[in-house]
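Below is one structure, written out as structure tokens; comments come after it.
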Amino acid sequence: MLYRVMDKRELPALVRAFMESYEVVAPVKRGSGYIFDVIGSPEEIELDYTQTASSPKKYLMPPTETLMKFDANMNLVEDFIEQVTPRVIFGVHTCDINALNRLDVALIGGKYVDPYYQARRDATIVVGISCVPNENCFCHLWGADEAQFGYDLFLHDIGDKYLVSMSNVEATNILEAACELSEATDEDRIAFRQATRVRQSAFNKDIPDVQDVAMLMDVFHSDPFWEELGKKCLSCSACASVCPTCFCFDIRDVLTPDGKTGERQRTWDACTNPGFAMVTGGHNFRPTGRERVRHRMYHKLNGFFVNHDRMLCVGCGRCVTACKTGINPIEVLRFFKRKGADHAK
Amino acid sequence: MQSNMSRGIIEVDALREATPSMSGKEMLLGNAYRPWPARITSMRDLTANEKLVEMRFIDERVREAFVHEPGQFLELSLFGVGEAPISITSSPTKQGFVELCIRRAGTVTGALHSMHAGDIVGIRGPFGRGFPVDKFRGNDVLIVAGGLGIAPVRSLINYIHDNRSDFGKVTIVYGSRTPSDIMFRDQFEMWRHRKDFELYLTVDQPDDTWDGEVGVVTEPMKRLDFNPANTYGVVCGPPIMYKFVVQVMREKNIDYDHIYLDFERHMKCGMGKCGHCQIGHQYCCIDGPVFNYWEAKNIQGSM
Ligand SMILES: Cc1cc2nc3c(=O)[nH]c(=O)nc-3n(C[C@H](O)[C@H](O)[C@H](O)COP(=O)(O)OP(=O)(O)OC[C@H]3O[C@@H](n4cnc5c(N)ncnc54)[C@H](O)[C@@H]3O)c2cc1C
Ligand code: SF4
Ligand code: SF4
Ligand code: FES
């Protein structure tokens, strides 16, 4: 990976340069927390944010989006919403970059490409920023504390400067035109090593590091634990909507008031919704919270892993805050630890 | 990243309207959410609640590119109402047309029941992994269907019939609720009469006309004699049926991976994106809907 060093004071110039050609989205303060939102000036950006309440996935897969417009009488497609806004998502943590890579696998990978997601992904520049974990972060357990790919620029904080990894020509051109870059010195490299060590030692040690999680999801599949956890679920979908890797959706038709035309839309859906796995005739393959919560965790910690060699959880900790009844992957890890099946460090 | 991006809006090629230069395959796969118009060419009642509907794509390129395997399904689209996954019940050997056997079950299927020949519907697909007919070739096949489960296996039955000499002994065990729920009875009886297939019909609730067997499909199965070494089993029916049918097949020593199960799940996209059809670590719509029993045993929550 190509990398250069940039003075932190040059950051506003970089953001302004991006703003000339793109819509720029970045972490900003709202109330007592942070969210990703469109910015009007570089000063709004809060690069030291701990975690945003929800992830940047909404810019690649909006909560509701139109797939096509139709003529209901003729039963024909009238038009597609075929336009996307070129956008820079600025200040993305490694967990969320790794989450985008997983969404890529789910939505672009395989036999069928999702052209709506792909169009947005192609029109998006991702600028990453290094971070220090908060008490709910466990990205390191899934190897999501580093981003190997999936970003265009990555800013590693090394004190007064950033060590910038550059992986995309267009973003690099803008960076080089806007900022004075220098070659990294030995001092910079040492500062980078130290920053990495600080991050690694800051993870919450109360979150157990359990081996063979995917296997354990199978082995303890019938354990009463899932009943206990599942019966607390309110089916509110908060977990799935804040989760950067949850991508499930519903498709529905919405008619205009005259009933002649309308839109086919997709909206976020979640496997914790009671009707998610119900089929005609009323048979429900996941009838209670037990099966639904277990399936959500199973897909994240086993299903996706056995197919794609990585968890569908990046340990961002958002669901730990969002779920009011304490259902989250950390609780699953604690359960495995209680079962004595761990080799905790 | 797309080049020549600038602030504002960019157009997405894959979402454009079909151009004259597009091939049928590009039309079907470029944006697989897009249904293509097909005309209903015929429609007839099979039972009080089920209709056999024949459809034909309007665009010739799509008609030629839409080639299915027995056991695959499509997404039937009625704009303003919604979409429903429906098995293709005709054999791939019948080209240019698709036949669907549709039970009135809710909004989409209900709306379709009130349509007529000449009306236009939308179709996308074909989707899923069907029956491995190449493996079946040269072997005996035991097909067990319950209720609407006959719809997807009929494409297999028709395919076998069209290539009859390629297959060994073929036995069909088909259970229905009542005699008037039996679909395609005339055709099946005719084939039985011609000794193309062995046929066992059962019903749960007989009426005055019924002189056949009463009870569950596993009863006639238990009496059957077959050589497990060269027999493939096929099962499709209501969720409750699989466990019992598979049990009999296993008792008869048909190997785990010689038993093929056609599953139903809630489906929205049909193409491995929306997540609705997940079973354990698999997607029913792309990894299935046909799984062999060995695969199914390895899928949490499959049966
Ligand atoms: C692979 C596959 C192949 C199929 N093949 C055939 C076939 O060949 N022929 C055929 O007739 N059918 C087939 N089906 C079933 C068919 O897809 C459904 O009957 C159809 O989707 C019903 O749609 P609808 O809009 O008519 O009913 P809906 O109005 O959507 O639902 C009808 C009923 O189903 C239940 N239901 C369904 N979804 C939900 C939900 N999300 N929440 C709550 N309740 C729900 C309810 O009890 C409701 O009353 C197949 C299904 C699959 C997955
Ligand atoms: S499951 Fe929870 S911790 Fe894991 S990626 Fe989703 S929101 Fe983050
Ligand atoms: S797990 Fe928690 S956040 Fe998710 S649906 Fe259930 S109660 Fe809501
Ligand atoms: S039906 Fe959407 S993923 Fe299978």
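So that the names make sense, note that chain A is the first sequence line, chain B the second, and so on, each numbered from 1.
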Distance from [X] atom [atom1] to [Y] atom [atom2], nearest 0.5 Å?
X        : Y        : atom1 : atom2 : result
A:His295 : B:Ile279 : NE2   : CD1   : 9.5 Å
A:Phe70  : B:Leu78  : CZ    : CG    : 10.5 Å
A:Lys111 : B:Ile286 : NZ    : CD1   : 9.5 Å
A:Thr280 : B:Arg103 : OG1   : CZ    : 9.5 Å
B:Asn31  : A:Met68  : CG    : CE    : 5.5 Å
B:Ile120 : A:Asp71  : CD1   : CG    : 10.5 Å

Self-check item: Plane angle bin for B:His276 and A:Phe276 - parallel if under 30°, tilted between 30 and 60°, otherwise perpendicular
Solution: parallel
Is it the case that the side chain of [X] and the backbone of [Y] share a donor-acceptor pair, with hydrogens and angles ignored and the cut-off at 3.5 Å?
X        : Y        : value
B:His266 : A:Met278 : yes
B:Lys273 : A:Ala106 : yes
A:His221 : B:Gln300 : no

Against chain B, work out which of [options] has the most heavy-atom pairs shorter than 4.5 Å and name it.
options                                : value
A:Asp218, A:Val306, A:Asn284           : A:Asp218
A:Tyr116, A:Tyr298, A:Phe249, A:Phe304 : A:Phe249
A:Val113, A:Leu107, A:Val254, A:Leu67  : A:Leu107

So do [Y] and [X] actually touch side chain to side chain, heavy atoms under 4.5 Å?
X        : Y        : value
A:Pro115 : B:Tyr33  : yes
B:Val81  : A:Asp253 : no
B:Phe79  : A:Arg264 : yes
B:Lys268 : A:Asp250 : yes
A:His299 : B:His281 : no

Practice problem: Flag the one option from B:Ala32, B:Ala84, B:Ser77 with the top tally of heavy-atom pairs under 4.5 Å to chain A. | Solution: B:Ser77
Practice problem: Give the member of B:Gly122, B:Cys274, B:Gly275, B:Gly82 that has the highest number of heavy-atom pairs under 4.5 Å with chain A. | Solution: B:Cys274
At a heavy-atom separation under 4.5 Å, does [X] approach chain B through its side chain, its backbone, both, or neither?
X        : answer
A:Leu312 : neither
A:Asp114 : both
A:Tyr112 : both
A:Arg294 : neither
A:Asp269 : side chain
A:Leu255 : side chain

Exercise. Kindly give the heavy-atom pair with the smallest separation between B:Pro35 and A:Val77, and that separation in Å.
Key: O-CG2, 4.1 Å
Quiz prompt | B:Arg265 to A:Phe285, cation-pi by 6.0 Å centre distance and 45° axis angle | solution = yes
Exercise. Applying side chain to side chain contact (heavy atoms under 4.5 Å, CB included), run through B:Ile240 and A:His283 and close with a yes or a no.
Key: CA-CA 10 Å; B:Ile240 179 82; A:His283 182 83; over 6 Å; no
Quiz item: Is the NZ atom of A:Lys69 crowded by more than 12 outside heavy atoms at less than 6.0 Å?
Solution: no
Quiz item: Heavy-atom distance under 4.5 Å to chain A: side chain of B:Phe263, backbone, both or neither?
Solution: neither
